Each structure stands twice: as structure tokens, then as C-alpha cells.
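Contents: one structure, followed by commentary.
Keep in mind that what you see is a predicted model, and the values were worked out from it rather than measured.
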Amino acid sequence: MSSDAARTELQTVRDFLRLAVSRFNAAGLFFGHGCDNAWDEAVYLILHTLHLPLDRLEPFLDARLLDDEKYKILKVLHRRVDERLPAAYLTHEAWLGEHHFYVDERVIVPRSFIAELLDEQLAPWVEDPDAVAAVLDLCTGSGCLALIAALAFPEAQLDAADISADALAVARRNIADYGLADRVHPVQTDAFAGLAGRRYDLIVSNPPYVDAPSVAALPAEYRHEPAIALGSGEDGLDFTRILLAQARRHLNPGGLLVVEIGHNRDTVEAAFPDLPFTWLETRAGNEYVFLLREDELPG
């Protein structure tokens, strides 16, 4: 169906939802940036385009649409199908739990399991959240984990560090949106190179961790994200090796390192058989995020 025909024949939100789901399924889109199926993504994109509450579909299903509203919906749907853009890049927003962030193609779409652990103030590993004074979010991207950490640890000063000046520009926008510029400080650095002499009570990192075969097989949607934020060498552990080799000199006594490594638990444990990893429980299981105490790290 052409856009002109759709604008003539389709009248309601329900009509356009049906069209969107059909088109998304026919195009074989990949869903992995906030939604995991065509229906949820279609609902999100249409409600967002119409400036309707994202959690209130039912009252609007049979609402008839104005011609300019139909045009805007069709434009978004066509871009999702034709360009294979993740929905977050079309709407310039992403969510981690209840936390909302601005995003664009300068940063990966936030999707870290560390966020839910920070919402729980890393209990029981952090005994007194008010005693956490300094936090580093390394590979901060949009700044999402640094900001959630700032909310979790209200007495802390935070460094939001990334090698990408483009990513830090997005992080600064989010920091300003949250009103936390007095506590969250963007730092451009390649790993720890620009952090000499700085020590933290907590270092969190959702670094690049995709191995080379998986990078080569990524769906088109992921290829819109910055490549530097995804791949990390042949086995996906190049950046993780830097973290494990250098983190101890940047942690205060008793400090914690928390790192997300995707599906690489077996690879990490094989590469570092002498490290006593603690694998943290998330809603997806205990295979994706590890914790090490300062005195458990090498060096």
C-alpha cells in the first residue's frame, strides 16, 4: 500500500497499528533496542509520534487521525523499515527502567543491566550508599549509568568518561536535563589514560564487548550504532583486559569494580581463571555483570 492509499483508506490508531505490525514483520526487522517484537515497537512509535501517553493505548485505539498525523506516522514507519533505524534514533529517547535519556546516533542505545543494580544501590555490596563519595562510569556513552549512579549515591561526585567527544556531547545534554552538572563531570579519555591520580569508591563500566564474529553478523539496526562502542577485538575482551589490569590503581581501599560483559562469561572466566568473579543477579540471570573488590584485582 502506498502512502497516499494509506492516508485515504486508514483512519484510526488501530488501523495504523495493524499496518505497522504487518510492515515490520514483512520487512524482517530486528528488535533489540527497547522492544523485542513488532507490536510493542509499533505501539511505541505511534504513541510517541502522536504525543500520547506511552502507557495508555486502549483509550486511543479507535481515535480517528487527522491527515497531518497520518503523514507523520507513515514517515516514521517508513524510516524504521527503509533505513533500519532503531526506534530510539527516530524518537531521540531511550529508557532504562524509569530513567529517560536523550539519544542519537553518536551513542549506542542504552541497554545495560547495571542500571537495575544501581537502582538497588548495589545492595548488599555497598553497605552505606551515603558513604560513596567518588564514582567513575567508564565508557559512559550517553551518560546514562553515571546519572543513575548519581541518583543512587547522593553524596558522590561522578566522572562520566568516554573516548568519544561526540558521545560526551550527548552525555552533557543528559547531565543538564537531570540538573546534575555540579556532580557529574564529563571526561574525555582513552580508558584510564586521562584519569591519572584519580581514585574512586566505585567504578562501573558497560564497555564494548562484542567479539569479531558477532560484529560481522550484527543486524542492520546495530550497524547504525558507533562501531567503537560495540566491538572489542577477536574475543570481545580487549577493553575488559584493560579494565582488569588497571582498575585497582584507580580504586580506593575497599572499592568495587562492576563490569557488564554481554554473553562472554565463559570467555572471561577462561581468560582469567585466578580472579574470584562475583556474578551479579539481574532480571536476565547471573551471566552478564561481574563484580570484583579492589583487593581481588591484579596489580
Mutual orientation of the aromatic rings belonging to [X] and [Y] [parallel < 30°, tilted 30-60°, perpendicular > 60°]:
{"X": "Phe272", "Y": "Phe277", "value": "perpendicular"}
{"X": "Tyr288", "Y": "His263", "value": "perpendicular"}
{"X": "Tyr102", "Y": "His92", "value": "parallel"}

How long is the span from the [atom1] atom in [X] to the [atom2] atom in [Y], to the nearest 0.5 Å?
{"X": "Leu29", "Y": "Arg23", "atom1": "CG", "atom2": "CZ", "value": "12.0 Å"}
{"X": "Leu147", "Y": "His100", "atom1": "CG", "atom2": "NE2", "value": "12.5 Å"}
{"X": "Ile148", "Y": "Ile114", "atom1": "CD1", "atom2": "CD1", "value": "10.0 Å"}
{"X": "Leu275", "Y": "Glu269", "atom1": "CG", "atom2": "CD", "value": "10.5 Å"}
{"X": "Ile203", "Y": "Gln246", "atom1": "CD1", "atom2": "CD", "value": "10.5 Å"}
{"X": "Phe16", "Y": "Arg18", "atom1": "CZ", "atom2": "CZ", "value": "10.0 Å"}

Could you check whether any side-chain heavy atom of [X] comes within less than 4.5 Å of a side-chain heavy atom of [Y], counting everything from C-beta outward?
{"X": "Leu65", "Y": "Leu50", "result": "yes"}
{"X": "Leu54", "Y": "His48", "result": "yes"}
{"X": "Asn37", "Y": "Phe24", "result": "no"}
{"X": "Glu69", "Y": "Arg64", "result": "no"}
{"X": "Leu118", "Y": "Leu122", "result": "yes"}
{"X": "Pro53", "Y": "Leu47", "result": "no"}
{"X": "Leu57", "Y": "Leu17", "result": "yes"}
{"X": "Asp68", "Y": "Lys72", "result": "yes"}

Give me the atom names and distance for the closest heavy-atom approach of [X] to [Y].
{"X": "Gln188", "Y": "Ser164", "value": "NE2-C, 4.4 Å"}
{"X": "Ala247", "Y": "Leu297", "value": "CB-CD1, 4.1 Å"}
{"X": "Thr240", "Y": "Ile261", "value": "OG1-CG2, 3.9 Å"}
{"X": "Gly233", "Y": "Asp238", "value": "CA-OD2, 3.3 Å"}
{"X": "His224", "Y": "Glu83", "value": "NE2-O, 2.7 Å"}
{"X": "Pro59", "Y": "Arg56", "value": "CG-NH2, 3.5 Å"}

- Query: Does CD1 belonging to Ile228 count more than 12 external heavy atoms closer than 6.0 Å?
  - Reply: no
Say whether, by atom type as modelled, one donor and one acceptor occur between the side chain of [X] and the main chain of [Y] under 3.5 angstrom.
{"X": "Asp15", "Y": "Thr12", "result": "yes"}
{"X": "Asp211", "Y": "Ser214", "result": "yes"}
{"X": "Arg84", "Y": "Val81", "result": "yes"}
{"X": "Thr189", "Y": "Ala161", "result": "no"}
{"X": "Asn174", "Y": "Ser142", "result": "yes"}
{"X": "Thr49", "Y": "Ile73", "result": "no"}
{"X": "Arg79", "Y": "Leu90", "result": "no"}
{"X": "Asn264", "Y": "Thr267", "result": "no"}
{"X": "Asp190", "Y": "Ile163", "result": "no"}

Going by an N to O cut-off under 4.0 Å, is there a salt bridge joining [X] and [Y]?
{"X": "Arg106", "Y": "Asp104", "value": "yes"}
{"X": "Asp235", "Y": "Arg241", "value": "yes"}
{"X": "Glu221", "Y": "Arg80", "value": "yes"}

- Message: Assess the residue pair Leu19 and Leu74 against the criterion (side chain to side chain contact (heavy atoms under 4.5 Å, CB included)); give the C-alpha distance rounded to whole Å, side-chain angles, the decisive distance to 0.1 Å, and a yes or no.
- Response: CA-CA 10 Å; Leu19 176 70; Leu74 289 170; 3.8 Å; yes
Is there a path of hydrophobic side-chain contacts, each under 4.5 Å between heavy atoms of I/L/V/M/F/W/Y residues, joining [Y] to [X]?
{"X": "Val259", "Y": "Phe113", "answer": "no"}
{"X": "Leu257", "Y": "Val289", "answer": "no"}
{"X": "Trp95", "Y": "Ile46", "answer": "yes"}
{"X": "Leu230", "Y": "Ile242", "answer": "no"}
{"X": "Phe101", "Y": "Tyr89", "answer": "no"}

- Task: Applying salt bridge (charged side-chain N to carboxylate O under 4.0 Å, His left out), name anything that partners Arg14, two or more places apart in sequence or on another chain.
- Result: Asp62
- With side chain to side chain contact (heavy atoms under 4.5 Å, CB included) as the test, would you mind laying out the steps for Glu225 and Val109 before giving the verdict? CA-CA 8 Å; Glu225 296 184 295; Val109 179; 3.7 Å; yes
- Could you give me the CA-CA distance, side-chain angles and deciding distance for Leu138 and Phe239, then say whether side chain to side chain contact (heavy atoms under 4.5 Å, CB included) is met? CA-CA 11 Å; Leu138 191 56; Phe239 199 93; 4.1 Å; yes
- Qualifying side-chain hydrogen bond (donor to acceptor under 3.5 Å, both in side chains) pairs with a residue from residues 115-137, counting only residues at least two apart or across chains: His99-Asp119, Glu116-Arg283, Asp137-Thr140
Listed pairs under 3.5 Å, donor-acceptor, residues 152-159 side chains, sequence neighbours left out:
| residue | atom | partner | partner atom | Å |
| --- | --- | --- | --- | --- |
| Gln157 | OE1 | His185 | NE2 | 2.6 |
| Asp159 | OD2 | Arg198 | NH1 | 3.0 |
| Asp159 | OD2 | Tyr200 | OH | 2.6 |

- Evaluation steps, side chain to side chain contact (heavy atoms under 4.5 Å, CB included), between Tyr222 and Ile108: CA-CA 9 Å; Tyr222 284 105; Ile108 63 169; over 6 Å; no
